[in-house]
Amino acid sequence: MDDAADLACAAPVTKERYRDAMAALAAAVNVVTTDGPAGRAGFTATAVCSVTDAPPTLLVCVKRDSSVGEAFQANGALCVNTLAPEHRPLSNLFGGRTPVEERFAAATWRRGPSGAPVLEGALAHFDCRIDRVVDVGTHSVLFCQVLDIGVGEPCEGLIYVGRRYDTVLACVGAAG
Ligand SMILES: NC(=O)c1ccc[n+]([C@@H]2O[C@H](COP(=O)([O-])OP(=O)(O)OC[C@H]3O[C@@H](n4cnc5c(N)ncnc54)[C@H](O)[C@@H]3O)[C@@H](O)[C@H]2O)c1
Ligand SMILES: Cc1cc2c(cc1C)N(C[C@H](O)[C@H](O)[C@H](O)COP(=O)(O)O)c1[nH]c(=O)[nH]c(=O)c1N2
């Protein structure tokens, strides 16, 4: 087995090939919000992942040069709002190039225990304190301890796959 020769023949992993391959992965769509001394901010994120259930921890990857990144770290708190199909326009609004107040004006919010905005009608929400930040390349990985959870009524979730939106059945049953 000549692993070195196989590797030498492989096409280089360019940013474009990486993105093309990542586009094949279906992901839930979230609007991640924050509020506090650094002000209100929010952005659309698919790079959200469960890390451990003890203590309940998730991670969010945010591009460092986005207009919103600094506010999250300065406020030290965020809410992951997982979107239902009706929120597709909201995903586009929070996906960039729209002033922050215009993003929030398009939906109804309440304040979670961390101070971050919680989206009315979300499939689920996870209100968090940001415990640790690790910078990797262009992004900051925010490790977040979950302080409060809500599970909404919708039985369908919004996903992003193949560079487009789709809908999946996502009835969330309570465990015990
Ligand atoms: N993790 C991210 O930062 C991320 C994830 C999804 C989409 N986006 C942004 O949304 C827009 C539309 O994306 P698209 O999926 O239609 O097409 P695309 O070709 O830009 O991205 C395809 C896939 O590659 C990954 N990706 C894209 N940009 C990335 C980045 N800067 N860092 C890490 N992973 C990245 C994501 O999984 C994405 O779904 C682009 O501007 C993209 O940068 C960013
Ligand atoms: C479907 C989809 C998914 C993602 C995004 C976009 C879209 C449309 N964006 C981009 C992100 O939302 C955008 O950069 C922010 O809104 C910040 O943009 P401004 O710098 O404020 O214009 C994004 N950005 C990021 O840092 N992490 C992520 O996981 C994602 N995921």
Side-chain angles (χ1 to χ4, degrees), residues 10-51 57-107 109 114 116-119 121-146 154 156-168 170:
V13 181
T14 60
K15 196 190 274 191
E16 291 69 29
R17 289 187 64 224
Y18 177 75
R19 284 190 182 200
D20 282 348
M22 289 306 296
L25 274 63
V29 186
N30 310 279
V31 166
V32 185
T33 56
T34 188
D35 204 352
R40 188 160 70 153
F43 72 109
T44 299
T46 46
V48 173
C49 179
S50 173
V51 176
T57 303
L58 55 78
L59 67 76
V60 176
C61 301
V62 59
K63 212 166 153 205
R64 265 201 307 285
D65 70 3
S66 71
S67 68
V68 296
E70 271 180 30
F72 280 85
Q73 296 205 36
N75 289 336
L78 60 76
C79 185
V80 172
N81 297 282
T82 307
L83 301 188
E86 67 180 91
H87 298 126
R88 188 186 295 210
L90 203 62
S91 173
N92 290 329
L93 268 184
F94 278 79
R97 288 189 283 272
T98 308
V100 69
E101 290 314 319
E102 228 174 283
R103 296 183 190 193
F104 282 98
W109 310 87
S114 79
V118 177
L119 172 64
L123 191 64
H125 76 263
F126 304 85
D127 192 58
C128 303
R129 179 184 73 220
I130 301 172
D131 273 353
R132 201 184 310 172
V133 179
V134 178
D135 288 346
V136 181
T138 52
H139 282 57
S140 295
V141 186
L142 314 179
F143 290 89
C144 308
Q145 191 163 148
V146 181
E156 288 187 315
L158 183 67
I159 59 163
Y160 194 70
V161 60
R163 299 188 171 98
R164 61 179 183 81
Y165 295 101
D166 211 332
T167 296
V168 286

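Only this structure's heavy atoms are used, side chains among them; waters, hydrogens and symmetry mates stay out. Numbering of ligands and ligand atoms starts at 1, following listing order.
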Less than 3.5 Å between some nitrogen or oxygen of Y165 and one of ligand 2, yes or no?
-> no

Subset of ligand 1 atoms that lie under 4.0 Å from at least one heavy atom of T46 = 5 (C), 6 (C)

Closer than 4.0 Å: a protein non-hydrogen atom to atom 22 (C) of ligand 1 = yes

With a cut-off of 4.0 Å, which atoms of ligand 2 are near a heavy atom of V62?
-> 26 (O)

Note the single closest protein heavy atom to atom 15 (O) of ligand 1, along with its residue, its atom name and the distance in Å.
-> Y160 CE2, 3.2 Å

Output for pair (T98 OG1, N92 CG), nearest 0.5 Å, gives 9.0 Å

Is R103 close to ligand 2, meaning an N/O of one under 3.5 Å from an N/O of the other?
-> yes

From atom 17 (O) of ligand 1, work out which of K15, H139, R163, R97 has a heavy atom at the shortest distance.
-> R163

Atoms in ligand 2 flagged as close to A47, the criterion being non-hydrogen separation under 4.0 Å | 29 (O)

For atom 36 (C) of ligand 1, closest protein heavy-atom neighbour | M22 CB, 4.3 Å

Just wondering, are more than 12 heavy atoms of other shown residues or ligands nearer than 6.0 Å to CD in Q145?
-> yes

Are any of the N or O atoms of F43 closer than 3.5 Å to those of ligand 2?
-> no

Between F43 and F94, does the ring centroid distance fall short of 6.0 Å?
-> no

Do any N/O atoms on G96 end up under 3.5 angstrom from N/O atoms on ligand 2?
-> yes

State the atoms of ligand 2, each with its element, that fall below the 4.0 Å cut-off from a heavy-atom position in S67.
-> 19 (P), 20 (O), 21 (O)

Does the N or O separation between R19 and ligand 1 drop below 3.5 Å for any pair?
-> yes

Within a distance under 4.0 Å of any heavy atom of S66, pick out the atoms of ligand 2 and give their elements.
-> 17 (C), 20 (O)

Kindly compute the distance separating CZ (R40) from OG1 (T34), expressed to the nearest 0.5 Å.
-> 11.5 Å

R64, CZ atom: more than 12 neighbouring heavy atoms under 6.0 Å | yes

Sub-3.5 Å N/O-N/O distance, G42 and ligand 2 | no

E16: heavy atom below 4.0 Å from ligand 1, yes or no?
-> no

Which of the ligand 2 atoms, numbered from 1, are nearer than 4.0 Å to a heavy atom of R97 = 22 (O)

Are D166 and R88 close enough for a salt bridge, meaning some N to O gap below 4.0 Å?
-> no

Below 3.5 angstrom, do we get any N/O pair linking D65 and ligand 2?
-> no

N/O separation below 3.5 Å, F94 to ligand 2 | yes

Does any N/O atom on T46 come nearer than 3.5 Å to any N/O atom on ligand 2?
-> yes

For atom 5 (C) of ligand 1, is the nearest protein heavy atom closer than 4.0 Å?
-> yes

Exercise check, heavy-atom protein proximity under 4.0 Å to atom 10 (O) of ligand 1 = no

